[in-house]
Amino acid sequence: QVQLVESGGDSVQSGGSLRLSCAAYGDTYSIYCMGWFRQVLGQVREGVAAIASDGSTSYADSVKGRFTISQDNAKNTLYLQMNSLKPEDTAMYYCAADYRTGRCGVTTWDPTLAGYWGQGTQVTVSS
């Protein structure tokens with residue numbers, strides 16, 4: 001099992017930047033896919049970015065060119081660098097991890113039932 005703890009959420013103005021962090025504890029060696037999801041209350045959860053154990057990455061079209069996902073294996077930490085933030089990026093951001101191999105794309109990976117989740121960190125972007 002793995003425990004995930006997010007941090008870095010804040011309130012910023014449009015055009016600003018934030019870096020989210022997700023510290024992983026436990027059996028991190030066997031993780032195949034990690035990623036970031038976001039959700040606005042009352043709306044469908046959206047996959048933002050994902051990274052597989054081989055380093056391959058996937059991004060939602062809405063964040064391509066603005067967000068970068070990365071990981072520091074030595075620190076067991078996942079990051080999401082968010083630049084040029086827009087008001088529509090406002091959401092609760094969740095970190096997720098999955099041991100299952102095969103799918104690690106933001107539109108093909110669903111960790112809802114078999115994955116692990118953090119508690120979320122709020123990002124608010126004002127215009």
Side-chain angles (χ1 to χ4, degrees):
Q1 292 189 348
V2 63
Q3 294 78 44
L4 305 172
V5 180
E6 302 102 330
S7 61
D10 205 344
S11 296
V12 297
Q13 291 192 333
S14 181
S17 297
L18 282 175
R19 189 177 79 159
L20 305 183
S21 299
C22 173
Y25 304 92
D27 182 11
T28 60
Y29 182 79
S30 301
I31 292 174
Y32 173 73
C33 182
M34 292 192 74
W36 293 93
F37 292 76
R38 64 187 181 188
Q39 188 169 23
V40 176
L41 190 63
Q43 297 186 16
V44 177
R45 184 183 64 205
E46 175 188 22
V48 176
I51 186 167
S53 56
D54 64 359
S56 57
T57 58
S58 173
Y59 295 92
D61 288 343
S62 59
V63 306
K64 281 180 181 176
R66 300 188 298 122
F67 291 11
T68 302
I69 189 170
S70 63
Q71 57 188 11
D72 185 332
N73 292 325
K75 295 182 179 180
N76 292 326
T77 301
L78 180 74
Y79 301 101
L80 185 68
Q81 178 66 44
M82 305 186 295
N83 299 328
S84 303
L85 282 162
K86 305 175 181 180
E88 50 264 44
D89 294 318
T90 295
M92 183 71 79
Y93 283 71
Y94 297 92
C95 173
D98 205 329
Y99 294 116
R100 298 173 299 172
T101 59
R103 295 183 176 182
C104 195
V106 289
T107 59
T108 60
W109 173 41
D110 184 359
T112 302
L113 297 179
Y116 295 86
W117 294 86
Q119 80 288 351
T121 186
Q122 179 68 38
V123 172
T124 303
V125 184
S126 58
S127 57

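Because the structure is predicted, anything quoted here is derived from the model rather than measured. Each residue takes its place number in the sequence, starting with 1.
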I'd like to check the side chain to side chain donor-acceptor pair (under 3.5 Å) partners of D110; sequence neighbours left out, ordered by chain and number. R45, T112
Value for CZ (R38) from OG1 (T121), rounded to nearest 0.5 Å, stands at 14.0 Å
In Å and rounded to the nearest 0.5 Å, what is the CD to OG distance from Q1 to S30? 12.5 Å
Grab the two heavy atoms, one from A91 and one from V40, that are nearest each other, plus how far apart they are. CB-CG2, 3.9 Å
Kindly state each residue pair satisfying disulfide (SG to SG under 2.5 Å) with at least one member in residues 54-85, sequence neighbours excluded. none
Looking only at non-hydrogen atoms, find the nearest pair between V2 and A24 and report the distance. CG2-CB, 4.0 Å
Say whether W36 and V106 are linked into one hydrophobic cluster, either directly or through other cluster members, by side-chain heavy-atom distances under 4.5 angstrom. no
With sequence neighbours excluded, what pairs up with S17 under the side chain to side chain donor-acceptor pair (under 3.5 Å) test? N83
Correct closest heavy-atom pair for G105 and S58 would be CA-OG, 3.6 Å
With sequence neighbours left out, what residues match S56 under side chain to side chain donor-acceptor pair (under 3.5 Å)? D54
Among residues two or more places apart or on two chains, list those pairs meeting salt bridge (charged side-chain N to carboxylate O under 4.0 Å, His left out) that have a residue in residues 65-80. R66-D89
Besides Y25, the hydrophobic cluster formed by Ile, Leu, Val, Met, Phe, Trp and Tyr side chains linked at under 4.5 Å, directly or via other members, contains V5
Residue pairs involving residues 92-109 (criterion salt bridge (charged side-chain N to carboxylate O under 4.0 Å, His left out); sequence neighbours excluded): D98-R100
Mind jotting down which residue pairs meet the disulfide (SG to SG under 2.5 Å) criterion with at least one end in residues 12-65? Sequence neighbours excluded, please. C22-C95, C33-C104
Residues 107-127 vs ring-ring contact (aromatic ring centres under 6.0 Å, His included), sequence neighbours excluded, gives F37-W109, F37-W117, Y99-Y116
Using a 3.5 Å distance criterion without hydrogens, assess whether the side chain of S21 forms a donor-acceptor pair with backbone atoms of S7. no
Residue set satisfying side chain to side chain donor-acceptor pair (under 3.5 Å) with R19, at least two apart, ordered chain then number -> none
Would V63 end up clustered with V12 when hydrophobic side chains under 4.5 Å apart are linked, directly or stepwise? yes
S62 and E46: side chain donor to acceptor below 3.5 Å: yes
Supply the atom-to-atom distance T28 OG1 to N76 CG, rounded to the nearest 0.5 angstrom. 3.5 Å
Listed by chain and number, what are the side chain to side chain contact (heavy atoms under 4.5 Å, CB included) partners of S126, not counting sequence neighbours? Q13
Which atom pair, heavy atoms only, marks the closest approach of I31 to A97? CD1-CB, 4.1 Å
Kindly indicate whether the side chain of Y59, heavy atoms from C-beta on, has any atom under 4.5 Å from the side chain of T68. yes
Drop me the distance from L78's CG to N73's CG, to the nearest 0.5 angstrom. 10.0 Å
Any donor and acceptor pair, going by atom type alone, linking the side chain of T124 with main-chain N or O of T90 inside 3.5 Å? no
Under the 3.5 angstrom rule, does the side chain of E6 hit a backbone N or O of Q119 as a donor-acceptor pair? yes
Hydrophobic clustering (ILVMFWY, side-chain heavy atoms < 4.5 Å, transitive) - are Y94 and M34 grouped together? no
ring-ring contact (aromatic ring centres under 6.0 Å, His included) pairs touching residues 62-82, sequence neighbours excluded, are none
